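Just below is one structure, and these are the notes that go with it.
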Amino acid sequence: MLLNKIIREKINSKLMLTFTILSCLLVVLIFFGLYYKSSPLFTNNSIKDLLFSSEWFPLKGKFGLLPFISSTIWVTLISVIIAIPFSLLTAIYLTEYADKRFVRMINPLIDILAGLPSVIFGIWGVIMIVPFIKNHIAPALGISSGGYCLLAGGIVLAVMILPVIIHVVSEVFRAIPQDLKNASLSLGATQWQTIKYVVIRKSMPGIIAAIVLGLSRAFGETLAVLMVVGNVVKMPHSVFDPAYPLPALIANNYGEMLSIPLYDSALMFSALILFVIVLIFNVISRIILVRIERSLGIG
Amino acid sequence: MYQNNHINVRNLNVHFDNNHVLKNINVEIPDKKITAIIGSSGCGKTTFLKCMNRLIDSVDGVKITGELLVDGENIFDPKTDVTLIRKKMGLLSQRPYPLPMSIYDNVAYGPRIHGEKSRKKLDHIVEYYLKEASLWEEVKDRLKTPAARLSIGQQQRLCLARGLAVEPEIILGDEPTSALDPQSSQNIEQKFLELKDKYTIIMVTHILRQAKRIADYLIFIHLGEIIEHGPAKEILENPKEKKTKEYISGIIS
Amino acid sequence: MDKRKIEESIFKILMRVATLSIVISLAVILISIIYKAIPVMNWGMISQTPQGGFYLGENGGVLNAILGSLYLATGATILALMLSFPIVFYINIYAKKGSWFVHTVRLCFDILWGIPSIVYGAFGFSIMILLGMRTSLFAGIIVIALVILPIIVRALDEVVRMIPQGLLDASYSLGATKTQTSVKIVTRQALPGLITAILIAFGRGIGDAAAVLFTTGYTDNVPTSLFDSAATLPLAIFFQLGSPVEAVQNRAFASALILTIIILSISILARYFSGKYNKFKV
């Protein structure tokens with residue numbers, strides 16, 4: 001009976017360990033799975049061509065991914081550039097200035113924004129952002145644009161990553177000891193000077209980690225961007241040009257990828273690029289955040 | 001008789017939510033002396049200190065009534081510019097909190113936020129106050145290194161220099177030696193004795209011997225009330241109140 | 001007024017504007033969808049599957065997609081839960097606290113959490129081709145379970161980590177094994193947090209589109225077995241919006257409203273259960 005209990009305990013423990021290790025191995029598994037599926041591509045195309053050529057002619061076996069890669073980078077950068085001021089200002093306001101009751105009112109709203117599915121953001125982009133760019137922003141600048149463009153993708157993405165950045169930055173701000181702020185305040189600094197010179201400076205690694213996390217979120221976002229970005233295979237030259245990011249390429253062509261040779265490999269290679277870049281971003285930001293947690297003795 | 005003193009406290013009451021933390025505090029603090037606030041932990045002495053430069057503002061659910069006059073001006077008056085009040089007082093906290101910047105920038109921080117831009121003047125200020133805090137010789141060759149790399153005793157002297165650099169009239173110390181080793185503590189005490197000719201020094205301490213060593217004036221607080229205050233010598237040698245007697249002889253601590 | 005005060009007031013205004021604009025964008029998203037959806041919303045959208053001529057703007061609804069999404073999210077949440085319990089118990093109760101192994105596992109789940117769902121979709125699809133599987137509810141459930149596994153593990157981990165060691169020691173001292181302690185004490189303590197985590201994961205499962213695009217397929221019928229293809233709401237919205245027929249495009253708005261209402265109810269429910277664990281987890 002007792003022996004039974006011990007043995008069962010051992011088995012349970014090993015079983016749990018197996019589950020844990022297996023799920024962690026998923027990271028490795030996805031990498032090799034995608035690599036394996038994209039490897040046929042490498043016999044006819046060099047990695048350099050795949051990444052830096054803009055010749056995208058699947059029927060001729062040419063798979064230059066540059067237009068997609070640069071679209072992805074552009075749309076991500078635009079979204080982060082828009083999101084950074086809004087999220088930082090909001091996080092500062094909510095942690096340093098706003099009344100507790102106000103914060104308790106706003107936080108659930110930010111949570112709801114974070115929980116909305118990407119297709120909803122996409123629909124919103126189609127209903128509002130695209131027409132607004134087409135009818136107001138572009139004409140105001142003397143440009144003609146169909147509205148389905150990098151800027152539309154960037155704006156929609158920015159709203160999607162705002163909650164992520166606000167959440168992480170607020171946590172970092174809250175971890176700054178009050179006594180450190182007091183040190184600055186007691187010298188006669190205003191609250192804003194204290195925030196500018198002490199809080200932000202001390203939180204800099206955390207702010208960077210939050211932005212990188214937002215970047216990686218934006219990088220892989222598919223449907224919302226796909227719906228508003230235009231999906232034209234062309235190197236974009238301005239924010240009013242349509243673009244074709246990597247996730248959209250994968251999502252749009254899953255149906256026909258089996259009929260053209262190597263097309264499926266090219267799509268899997270796109271997924272691999274996304275995976276690797278997001279992985280790097282994530283690891284960087286997590287390592288920074290864990291360091292902060294440890295140095296402040298929390299977590 | 002203390003009409004012209006820097007700090008006069010009248011009927012000061014502090015509540016945290018439903019806790020009455022400071023009860024009817026009335027006291028005048030003598031200029032250019034070391035005043036020690038003593039009392040057992042949790043009696044409200046740190047709260048009292050935080051009232052003086054209104055750092056108490058950042059505490060949630062705090063309610064303050066009464067007056068705390070600094071140079072005749074009630075600092076709790078909503079029209080008061082709190083940054084000017086704080087500029088008049090340097091603070092040394094329990095643990096040193098160097099700002100996340102270099103040694104130089106820590107000392108220059110105060111003058112800079114108050115608008116000093118001249119590099120030459122700042123250089124002069126930094127050197128002068130680091131010397132004033134007896135830290136100059138130890139750090140003059142590495143002014144650009146982050147302040148966090150200094151030893152904790154050096155950090156506390158840096159914080160003193162930083163506080164002095166805004167040219168305060170008053171120095172507040174919140175158990176400023178409690179995190180330091182005996183040698184560093186002695187440095188700070190020595191520093192206070194040298195500085196009292198120029199500054200009014202108010203320090204909270206839970207070490208009675210420290211109060212005996214350096215204080216000119218004592219305020220004894222028990223459970224949020226001032227039990228007794230007066231010249232240190234008188235109180236230590238001849239306490240009038242029973243509670244003070246008990247505290248000094250170590251019955252309550 | 002001195003210069004630094006002016007700077008502070010300007011930034012304070014900017015902060016209020018930023019905060020307000022985030023709230024306003026949420027309101028605008030919801031209002032614009034409701035505004036577009038109301039004229040085309042009718043009971044048939046919810047109660048019927050697509051009828052003949054649905055894709056030309058005639059009768060029918062998205063019942064197939066509503067049910068498909070609910071089946072998919074339910075299946076995936078259950079599967080992910082079954083996987084996440086042993087993992088969270090292992091790293092909190094069995095493994096040595098603060099060990100290298102535990103840190104690595106946590107980092108792995110942070111990474112898995114960050115992987116875009118389109119990558120999970122592509123990976124799942126390549127596995128399906130390898131195994132010669134067709135698109136099905138089953139395949140979709142597995143892929144969505146992978147997408148939400150890190151969400152549940154991270155949320156649950158945070159809750160379980162908060163359980164005081166003393167409580168566990170009390171259980172051990174009564175002679176309970178670690179397994180018994182995990183199941184009886186930890187589960188009960190973590191219950192409110194667990195419910196929140198489940199609801200958030202469920203919401204994510206319903207809303208995800210990129211991962212099911214390849215794996216679940218799309219059909220006008222309500223799936224009757226695990227190995228049928230299944231429609232999902234996000235994809236229904238996506239396909240309807242892509243239609244050249246305006247009446248069908250407008251239906252996308254009605255479908256979006258249905259999805260929004262489902263998601264909002266889930267977040268409100270999650271908030272209700274979250275109680276003291278109101279730390280936001282995505």
Side-chain angles (χ1 to χ4, degrees), chain A residues 5 9 12-13 15-17 19-20 23-24 26-27 30 33-34 37 85-86 89-90 92-94 97 106 108-120 123-124 126-128 159 162 167 190-193 216 220-223 247 250-251 254 267-268 271 274-275 278-279 282-283 286, chain C residues 4-5 7-8 11-12 14-16 18-19 21-23 25-26 28-29 32-33 36 83 86-87 89-91 94 105 107-108 110-112 114-116 118-119 122-123 125-127 146 149 177-179 203 207 209-210 213-214 234 237-238 241 252-253 256 259-260 263-264 267 271 280 282:
Chain A
K5 205 173 170 183
E9 182 74 6
N12 278 337
S13 161
L15 210 64
M16 289 181 178
L17 180 63
F19 271 127
T20 309
S23 8
C24 286
L26 201 59
V27 178
I30 292 176
L34 293 176
K37 290 297 288 179
F86 282 95
L89 287 168
T90 304
I92 294 171
Y93 188 67
L94 292 180
Y97 285 98
I106 296 293
L109 298 179
I110 295 178
D111 284 5
I112 288 176
L113 196 64
L116 286 181
S118 67
V119 72
I120 298 295
I123 284 267
W124 172 61
V126 171
I127 295 175
M128 285 203 60
V159 180
L162 275 171
H167 173 61
T190 61
Q191 190 159 9
W192 173 245
Q193 285 176 319
S216 78
E221 180 47 50
T222 309
L223 221 59
I250 305 170
Y254 78 101
L267 296 188
M268 290 304 157
L274 282 180
F275 174 77
V278 168
L279 184 95
N282 267 301
V283 171
R286 288 299 162 185
Chain C
R4 51 191 204 147
K5 297 259 160 69
E7 186 185 323
E8 176 153 31
F11 271 95
K12 252 171 130 168
L14 286 179
M15 284 178 220
R16 291 211 180 96
T19 311
S21 62
I22 289 171
V23 176
S25 45
L26 174 66
V28 164
I29 291 172
S32 65
I33 287 171
K36 284 278 198 175
L83 287 169
I87 294 165
F89 286 157
Y90 191 82
I91 58 176
Y94 287 85
V105 172
L107 181 64
C108 274
D110 286 340
I111 292 169
L112 287 171
I115 296 175
I118 186 92
V119 172
F123 172 70
F125 183 65
S126 60
I127 299 280
L146 292 184
L149 178 67
T177 61
K178 286 189 166 180
T179 311
L213 194 57
F214 308 99
I237 297 166
F238 180 56
L241 197 71
F253 304 130
L259 178 60
T260 309
I263 295 288
L264 284 184
S267 15
R271 186 146 283 277
F280 141 114
V282 218

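In what follows, every chain begins at residue 1, and chains take the letters A, B, ... in the order their sequences are listed. Every value quoted in this text rests on a predicted model; they were computed, and no experiment measured them.
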Only pairs of heavy atoms separated by less than 4.5 Å count here; which of [options] has the most with chain A?
{"options": "C:T177, C:I237, C:L259, C:L241", "value": "C:T177"}
{"options": "C:P116, C:P86, C:S32", "value": "C:P86"}
{"options": "C:F253, C:F238, C:F89, C:Y90", "value": "C:Y90"}

request  = Name the member of A:L162, A:L274, A:L26 that forms the most heavy-atom pairs with chain C at distances under 4.5 Å.
outcome  =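 Among A:L162, A:L274, A:L26, the one with the most close pairs to chain C is A:L26.
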query = So which of A:N12, A:I123, A:I112, A:V278 has the largest heavy-atom pair count under 4.5 angstrom toward chain C?
reply =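 Option with the greatest count: A:I123.
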Which bit of [X] is near chain A, if near means a heavy-atom gap under 4.5 Å: side chain, backbone, both or neither?
{"X": "C:S267", "value": "side chain"}
{"X": "C:I127", "value": "neither"}
{"X": "C:V23", "value": "side chain"}
{"X": "C:I263", "value": "side chain"}
{"X": "C:L107", "value": "side chain"}
{"X": "C:S21", "value": "side chain"}

Calculate, to the nearest 0.5 Å, the distance between atoms [atom1] and [atom2] belonging to [X] and [Y] respectively.
{"X": "A:I30", "Y": "C:I111", "atom1": "CD1", "atom2": "CD1", "answer": "10.5 Å"}
{"X": "C:K12", "Y": "A:Q191", "atom1": "NZ", "atom2": "CD", "answer": "7.0 Å"}
{"X": "C:I91", "Y": "A:M16", "atom1": "CD1", "atom2": "CE", "answer": "11.5 Å"}
{"X": "C:K36", "Y": "A:I127", "atom1": "NZ", "atom2": "CD1", "answer": "6.0 Å"}
{"X": "C:M15", "Y": "A:Y97", "atom1": "CE", "atom2": "OH", "answer": "4.5 Å"}
{"X": "C:T19", "Y": "A:L94", "atom1": "OG1", "atom2": "CG", "answer": "5.0 Å"}

For [X], is it the side chain, the backbone, both, or neither that has a heavy atom closer than 4.5 Å to a heavy atom of chain C?
{"X": "A:L109", "answer": "both"}
{"X": "A:L15", "answer": "neither"}
{"X": "A:L223", "answer": "side chain"}
{"X": "A:S23", "answer": "both"}
{"X": "A:F275", "answer": "both"}
{"X": "A:V27", "answer": "both"}

Under 4.5 Å between any side-chain heavy atoms of [X] and [Y], yes or no?
{"X": "C:V119", "Y": "A:L34", "result": "yes"}
{"X": "A:L113", "Y": "C:I29", "result": "yes"}
{"X": "C:F11", "Y": "A:L89", "result": "yes"}
{"X": "A:K37", "Y": "C:F123", "result": "no"}
{"X": "C:I22", "Y": "A:I106", "result": "no"}
{"X": "C:R4", "Y": "A:W192", "result": "no"}

ask   = Does atom CZ of A:F86 have more than 12 heavy-atom neighbours, drawn from other residues, nucleotides or ligands, at distances under 6.0 Å?
value =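 Open: at most 12 neighbouring heavy atoms sit under 6.0 Å from CZ of A:F86.
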For [X] versus [Y], what's the shortest heavy-atom pair and its separation?
{"X": "C:V28", "Y": "A:W124", "answer": "CG1-NE1, 3.5 Å"}
{"X": "C:A256", "Y": "A:I120", "answer": "O-CD1, 3.5 Å"}
{"X": "A:V119", "Y": "C:P234", "answer": "CG2-O, 3.6 Å"}
{"X": "A:M268", "Y": "C:A122", "answer": "CE-O, 3.4 Å"}

query = Do side-chain atoms of A:E9 reach the backbone of C:K178 as a donor and acceptor pair under 3.5 angstrom?
reply =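 It does hold such a pair.
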